[in-house]
Amino acid sequence: MDKISCDICMDLIPLVKDGIASEDSCDAVKKHISKCEKCKVEFDVIEEKNKINNENIKMNDKKIISKIKNQLIKGAIIMIVLGSFIGVGISESEWMFYNIVIMPIIGGVAYFIFRKKSYIVPISIFTLTYVWDFIKYMVESPTNKMGWREILTVPATWATIYTGLCTLGILIGFLLYIAFKKESK
């Protein structure tokens, strides 16, 4: 099959360009376009279209991945903020023991989002807990008969506990990162 018609060549060109044509078909197309200018032009046009499409696909993939990553980061930050407020808000209630789970999760998520800057989250948890409880005890001080020493130290105790739990979550996140990093090598 030394000679093929232009119609057959036009049918085979996309297959050759995609790399799924047989070796004989590739040879036949190459021989045909070396002699037929019309088919050579079509061959070159398809090649240009494929280059443009591949570049667009790569650019779109990068944009899509970037958007997904940004949305995941925003969602994680919202989860950290809401989790912090919920965890601190349920202090001294019948649900306060959920903080044993909530605070380490906040720390773990913080590590995976912020990595080396995840230390900001325990500092924020300490500050949030201390300020929240301090204001609460100041408002309740006429009814609960707490002195200044208790008003200053009790919030610090709760803040230290929650900060420790959050730091534990960061440590767990760090250890998981190391474990999965070694596993992938």
| said: With salt bridge (Lys or Arg N to Asp or Glu O under 4.0 Å) as the criterion, how do K40 and D44 come out once you've worked through the C-alpha distance, each side chain's angles and the decisive distance to 0.1 Å? | reply: CA-CA 6 Å; K40 182 171 179 18; D44 292 339; 3.7 Å; yes
Atom [atom1] of [X] and atom [atom2] of [Y]: how far apart are they, to the nearest 0.5 Å?
| X | Y | atom1 | atom2 | value |
| --- | --- | --- | --- | --- |
| K3 | H32 | NZ | NE2 | 10.5 Å |
| I113 | L72 | CD1 | CG | 7.5 Å |
| K181 | I178 | NZ | CD1 | 8.0 Å |
| K116 | Y111 | NZ | OH | 8.5 Å |
| I4 | C39 | CD1 | SG | 7.5 Å |
| F126 | T160 | CZ | OG1 | 4.5 Å |

| Is the backbone N or O of R115 less than 3.5 Å from a side-chain atom of S118, with the two atoms forming a donor-acceptor pair by type? | yes
Specify the closest pair of heavy atoms between [X] and [Y], including all atoms of both residues, with the distance to one decimal.
| X | Y | answer |
| --- | --- | --- |
| I33 | C9 | CG2-SG, 4.1 Å |
| G87 | I102 | CA-CG2, 4.4 Å |
| E42 | M10 | CG-SD, 3.3 Å |
| S84 | I125 | OG-CD1, 3.1 Å |
| A76 | V109 | CB-CG1, 3.8 Å |
| T163 | A159 | OG1-O, 2.6 Å |

Hey, quick one: are [X] and [Y] part of the same hydrophobic cluster, counting side-chain heavy atoms closer than 4.5 Å, chains of contacts allowed?
| X | Y | result |
| --- | --- | --- |
| F180 | I172 | yes |
| I20 | I13 | yes |
| V81 | Y130 | yes |
| I123 | V131 | no |
| I90 | L82 | no |

| task | Could you give me the CA-CA distance, side-chain angles and deciding distance for I86 and Y98, then say whether side chain to side chain contact (heavy atoms under 4.5 Å, CB included) is met? | result | CA-CA 10 Å; I86 290 170; Y98 287 114; over 6 Å; no
Give a yes or no on this: more than 12 heavy atoms of other residues, nucleotides or ligands lie within 6.0 Å of atom [atom1] of [X].
| X | atom1 | result |
| --- | --- | --- |
| F174 | CZ | no |
| K136 | NZ | yes |
| E23 | CD | no |

Taking the side chain as every heavy atom from C-beta outward, state whether [X] and [Y] have any atom pair closer than 4.5 Å.
| X | Y | value |
| --- | --- | --- |
| Y119 | T167 | no |
| L128 | F85 | yes |
| V16 | F43 | yes |
| S25 | L15 | no |
| C6 | C36 | yes |
| M103 | I161 | no |

| field | Evaluation steps, side chain to side chain contact (heavy atoms under 4.5 Å, CB included), between D133 and V154 | value | CA-CA 8 Å; D133 285 345; V154 173; over 6 Å; no
| query | Taking the inter-plane angle between the rings of Y162 and W158 on a 0 to 90° scale, is it parallel (under 30°), tilted (30 to 60°) or perpendicular (over 60°)? | reply | tilted
| request: Would you sort out whether V121 and F114 count as a side chain to side chain contact (heavy atoms under 4.5 Å, CB included), showing the intermediate values? | output: CA-CA 9 Å; V121 174; F114 301 121; 4.1 Å; yes
